[in-house]
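This is a predicted model, so every value here is computed, not measured.
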Amino acid sequence: MAMQNLLRLPQVEAAVGYRRSTLYRLIRRGDFPAPISLGGSKGRASAWIEEEVNDWIQKRITASRNGGAK
């Protein structure tokens with residue numbers, strides 16, 4: 001399996017231009033990729049798979065260029 005790059009929350013916020021609350025609202029609606037758990041003693045550490053975030057960004061660009069279709 002190829003190596004996957006992971007992004008932490010500040011990197012995702014910078015990449016998509018949304019803050020934490022908006023990202024998690026989109027995740028709950030199924031409109032943004034969910035983070036993966038990185039484990040840890042309390043299970044609080046999480047990250048996003050870079051490729052999934054990039055795919056989401058590309059879909060938004062395509063939708064924007066095609067008259068707003070999702």
Side-chain angles (χ1 to χ4, degrees):
M1 178 178 220
M3 179 68 107
Q4 297 282 332
N5 289 325
L6 301 177
L7 304 174
R8 297 301 301 267
L9 181 60
Q11 295 170 296
V12 174
E13 289 175 329
V16 301
Y18 289 145
R19 301 296 291 171
R20 174 189 172 107
S21 59
T22 302
L23 287 170
Y24 279 99
R25 185 171 47 251
L26 291 171
I27 292 166
R28 280 192 303 277
R29 292 188 338 210
D31 293 331
F32 193 80
I36 61 166
S37 174
L38 298 178
S41 61
K42 297 186 182 193
R44 292 184 184 170
S46 61
W48 283 258
I49 298 171
E50 184 177 34
E51 184 176 349
E52 292 178 356
V53 173
N54 288 337
D55 287 346
W56 182 88
I57 292 168
Q58 187 58 52
K59 286 177 186 172
R60 298 299 303 151
I61 292 169
T62 300
S64 175
R65 300 293 185 242
N66 292 328
K70 246 184 172 178

Undergrad: Please report the closest heavy-atom contact between Arg8 and Ser46, naming both atoms and the distance.
TA: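 The answer is NE-O, 2.9 Å.
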Undergrad: So, does Trp48 use its side chain to make a donor-acceptor pair with the main chain of Gln11 at under 3.5 Å?
TA: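 Looks like no, no N/O pair under 3.5 Å.
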Undergrad: Within the 4.5 Å heavy-atom criterion, are Leu23 and Leu9 side-chain neighbours or not?
TA: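 Leu23 reaches Leu9 side chain to side chain.
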Undergrad: Could you tell me if the side chain of Phe32 sits less than 4.5 Å from the side chain of Val16, heavy atoms only?
TA: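 They are in side-chain contact.
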Undergrad: I'd like to know if Leu26 and Ile57 are part of one continuous hydrophobic network [Ile/Leu/Val/Met/Phe/Trp/Tyr, side-chain heavy atoms within less than 4.5 Å].
TA: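 Yes.
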Undergrad: Using every non-hydrogen atom in the two residues, find where Pro35 and Tyr24 come nearest and quote the distance to one decimal.
TA: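 Looks like CG-OH, 4.2 Å.
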Undergrad: Identify the residue among Leu7, Leu6, Asp55 that makes a side-chain contact (heavy atoms from CB on, under 4.5 Å) with Glu50.
TA: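 That would be Leu7.
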Undergrad: For Arg60, is there any backbone N or O sitting under 3.5 Å from a side-chain donor or acceptor partner on Ser64?
TA: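 No: the side chain of Ser64 does not pair with the backbone of Arg60.
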Undergrad: Cluster question for you: counting only ILVMFWY and a side-chain heavy-atom cut-off of under 4.5 Å, with indirect links fine, are Ile27 and Val53 together?
TA: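 Yes.
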Undergrad: Just verifying a value: how many Å separate Asn54 CG and Glu51 CD, rounded to the nearest 0.5 Å?
TA: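 Here the interatomic distance stands at 8.0 Å.
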Undergrad: So, Arg20 and Glu13, do they make that salt bridge, N to O below 4.0 Å?
TA: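 No, no charged N to carboxylate O under 4.0 Å.
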